[in-house]
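Throughout, protein chains are lettered first and strands after them, A, B, ... in sequence-line order, and every chain is numbered starting at 1.
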Number of protein chains: 2
Amino acid sequence: MATGSDKFPTMHPVKGFQLGTASAGIKTAGRQDLVLLEMAEGSTVAGVFTQNRFCAAPVIVAKRHLQAMVPRYMLINTGNANAGTGEQGVADALKCCRGVADAVNAEPKQILPFSTGVIGEPLPVDRLLSAIPSAIDNLSEQGWAEAAKGILTTDTRPKGASLKFDVNDTQVTITGISKGSGMIKPNMATMLGFIATDAAVNDELLHRAVRLATEKSFNRITVDSDTSTNDSVMLVATGTSGVEIDENTFEQFLAQLTEVFSALAQAIIRDGEGANKFVSVVVESALDTQEALDIAYTIAESPLVKTALTASDPNWGRILAAIGRSGVEDLDVSKVQLSLNSVLIAENGGRAASYTEAQGQKAMQPEDIEIRVALNRGQATETVWTTDLSYEYVRINAEYRT
Amino acid sequence: MATGSDKFPTMHPVKGFQLGTASAGIKTAGRQDLVLLEMAEGSTVAGVFTQNRFCAAPVIVAKRHLQAMVPRYMLINTGNANAGTGEQGVADALKCCRGVADAVNAEPKQILPFSTGVIGEPLPVDRLLSAIPSAIDNLSEQGWAEAAKGILTTDTRPKGASLKFDVNDTQVTITGISKGSGMIKPNMATMLGFIATDAAVNDELLHRAVRLATEKSFNRITVDSDTSTNDSVMLVATGTSGVEIDENTFEQFLAQLTEVFSALAQAIIRDGEGANKFVSVVVESALDTQEALDIAYTIAESPLVKTALTASDPNWGRILAAIGRSGVEDLDVSKVQLSLNSVLIAENGGRAASYTEAQGQKAMQPEDIEIRVALNRGQATETVWTTDLSYEYVRINAEYRT
């Protein structure tokens with residue numbers, strides 16, 4: 001199950017950024033499960049990584065390498081997360097970096113490794129190494145669609161976003177891919193996202209951009225409240241458009257970048273495990289960002305709210321109960337207003353006088369649902385995106401790995 | 001579904017504490033859905049209530065009445081929570097108190113109201129009022145088993161606990177009932193619990209006892225992380241045994257009381273919605289209680305851990321991932337040890353050298369599962385009880401109310 005359109009968008013190539021996909025047979029024979037990304041000399045690279053303390057071996061290595069040198073290649077495998085693998089996992093990730101470095105005549109520290117898949121199994125390093133030459137042969141600026149498929153796990157569809165815009169009359173491109181469907185509550189980053197632009201962006205601005213755009217996109221989604229061990233988002237600026245982003249054009253660039261990030265983040269939610277609904281939880285007129293997020297996440301992660309969503313049941317009492325337990329101090333419940341797809345459901349601590357059950361039933365029918373909560377005590381507004389909790393979610397996660 | 005034995009225990013009567021059950025037809029015609037509890041003059045009463053900001057109307061009224069006078073009666077209905085009902089809900093709860101007061105010649109403030117069931121529907125006050133005389137007629141010290149049934153909602157079995165012990169050679173009895181199956185993550189109290197003792201306990205000691213016993217029992221369970229709007233636990237001491245609890249005998253009394261509270265709390269988890277497993281999450285050698293609880297609850301509430309439990313799958317990577325995202329500062333993951341039903345699964349940041357998949361499969365087969373996490377950095381140990389997340393949980397909560 002998944003929500004929304006499964007049409008894959010047109011992916012505008014980014015000059016100086018090549019993608020090559022190959023089959024390493026990591027979990028399934030014949031599956032395209034290895035992706036190599038090459039960045040032209042002179043590119044800048046910035047990333048954000050999972051905050052999970054049990055972060056995976058490739059995350060440890062990628063963070064170290066990113067600090068040591070400007071990377072030239074990123075190697076991504078699916079089918080095995082190389083997480084919960086201790087010291088051996090780190091050694092295995094380094095072997096893969098060395099494999100790429102030897103083949104392209106680079107330093108191992110110029111290679112960043114990424115893995116996704118089952119946790120706790122040793123990485124089949126030899127299989128990865130033997131597929132690297134084929135990934136190198138396939139490197140192409142046209143390789144986005146293949147790469148988008150090559151990084152999937154329980155996802156049911158590839159996820160991409162791409163746009164062009166003008167900066168001072170010169171065209172700039174931003175194109176990216178992501179994957180993720182379960183174990184989704186990114187904290188600083190989502191499962192995997194790779195985004196490239198042909199703008200020139202210096203290190204400081206690129207880091208600021210990836211942090212700010214992630215904050216409003218990948219850090220605003222949750223499928224099941226489980227932050228992964230492998231989350232990483234990488235942003236590459238090749239500079240090949242000839243446009244240099246500076247303080248004057250940064251806001252324009254950030255707005256476009258956030259649009260691409262949001263499209264990729266929302267695509268993960270539309271393809272959330274067992275998803276029948278795409279749910280936006282909007283908390284407005286809050287005192288500050290933190291309390292808006294606390295309430296939005298408490299609603300978005302409530303199993304009772306999520307099972308009501310799967311049944312298209314306007315069971316608004318469960319939403320009030322979630323608001324009430326979200327830990328916000330001194331909340332005046334008599335001021336809270338709740339609406340579902342623009343139908344006012346509750347106010348003054350109870351059901352709205354104008355509300356009828358028939359209205360609620362109708363409001364819950366669409367695939368896209370907006371839960372809007374007005375606290376009427378401040379100026380902050382935040383939005384979090386989530387899915388329902390279905391039989392299918394339980395089936396996928398009870399059967400996966402067994 | 002439910003776990004463990006469904007045998008209802010022998011309930012020792014508590015002299016001076018009577019229970020009467022009647023049928024008000026609140027949600028289902030003919031169902032015994034109204035329970036009246038009478039406390040002898042001279043009893044002391046202490047309670048703890050939900051911390052949910054959207055607390056239900058009866059909770060608001062019960063807290064007010066408890067401060068105003070020593071209560072003589074408690075009135076409990078199932079089928080309607082009288083929550084999310086605003087000012088009308090409070091007025092309705094007061095009408096029910098007045099109904100009891102008029103019939104027994106007491107003050108309305110001597111009556112405490114409790115409700116459980118669907119949120120957001122107006123309370124059918126007339127039906128409650130018309131059943132009160134029948135509940136009064138049925139008042140009896142033998143009424144525990146009927147009352148245990150009369151307070152259930154989605155529960156599949158009644159829950160009771162009862163014991164006798166000697167204080168300075170005189171016998172004291174503690175007997176109690178509880179209900180709850182979903183929307184279970186009590187905060188200061190669980191859905192509903194009513195416990196009586198024939199010891200004499202003064203107000204100060206009784207409040208201390210209910211708070212301490214709740215902290216180690218009802219405040220250590222979670223089915224779905226959803227704190228209810230109606231949680232209440234009430235403890236009554238009738239004093240009819242002639243034994244007075246003082247500072248010298250308080251620890252002995254508290255230990256016995258905690259045993260009854262724990263039995264009632266664990267009975268709720270064994271009857272958790274869709275439960276196939278009874279899971280104890282033990283976090284030991286933590287720096288302090290808070291970090292032990294943070295990790296225990298993150299594991300106990302992880303949908304991925306809970307779906308692995310329903311499949312009896314030793315998917316320990318999900319448990320490590322939950323530990324890693326639990327927000328504990330400076331956790332050294334290389335020191336963490338994880339075992340399932342005494343089988344050491346992970347240490348040194350990865351799979352234990354001694355571990356085999358066959359061991360893990362075998363460890364996960366029993367209905368009762370212990371997940372034990374040693375942090376090896378302090379002295380604190382805490383235990384939280386929970387269930388798996390099954391298809392049946394989704395079915396119950398998608399279909400309930402629709």
What are the residues of residues 326-335 of chain A, in order of number, with any heavy atom under 4.5 angstrom from a heavy atom of chain B? A:Val328, A:Asp330, A:Leu331, A:Val333
Find the one option among B:Cys55, B:Ala83, B:Gly84, B:Gly86 whose heavy-atom pairs under 4.5 Å with chain A are most numerous. B:Gly84
Is it true that atom CD of B:Glu87 has more than 12 heavy atoms of other residues, nucleotides or ligands lying nearer than 6.0 Å? no
The side chain to side chain contact (heavy atoms under 4.5 Å, CB included) partners of B:Thr85 (sequence neighbours excluded) come to B:Ala57, B:Asn82
Tell me, please, which residues at least two apart from B:Phe114 pass ring pair (Phe, Tyr, Trp, His ring centres under 6.0 Å). B:Phe194
Validation row: A:Arg318, B:Asn397 side chains within 4.5 angstrom (heavy atoms): yes
Distance, nearest 0.5 Å, that separates CD1 of A:Ile119 from CG of B:Asn315: 7.5 Å
In short, B:Ala311 meets A:Ala398 closest at the heavy-atom pair CB-O, 3.1 Å
Any residue meeting side chain to side chain contact (heavy atoms under 4.5 Å, CB included) with A:Lys362, in chain and number order, not counting sequence neighbours: none
Spatial distance of atom OG1 (A:Thr307) from atom CD1 (B:Ile396) [nearest 0.5 Å]: 10.0 Å
Going through the distances and angles, do B:Glu121 and A:Arg351 end up as a side chain to side chain contact (heavy atoms under 4.5 Å, CB included)? CA-CA 8 Å; B:Glu121 300 287 330; A:Arg351 184 156 57 185; 4.2 Å; yes
Intermediate values then yes/no, side chain to side chain contact (heavy atoms under 4.5 Å, CB included), B:Tyr393 and A:Val394: CA-CA 10 Å; B:Tyr393 177 88; A:Val394 176; over 6 Å; no
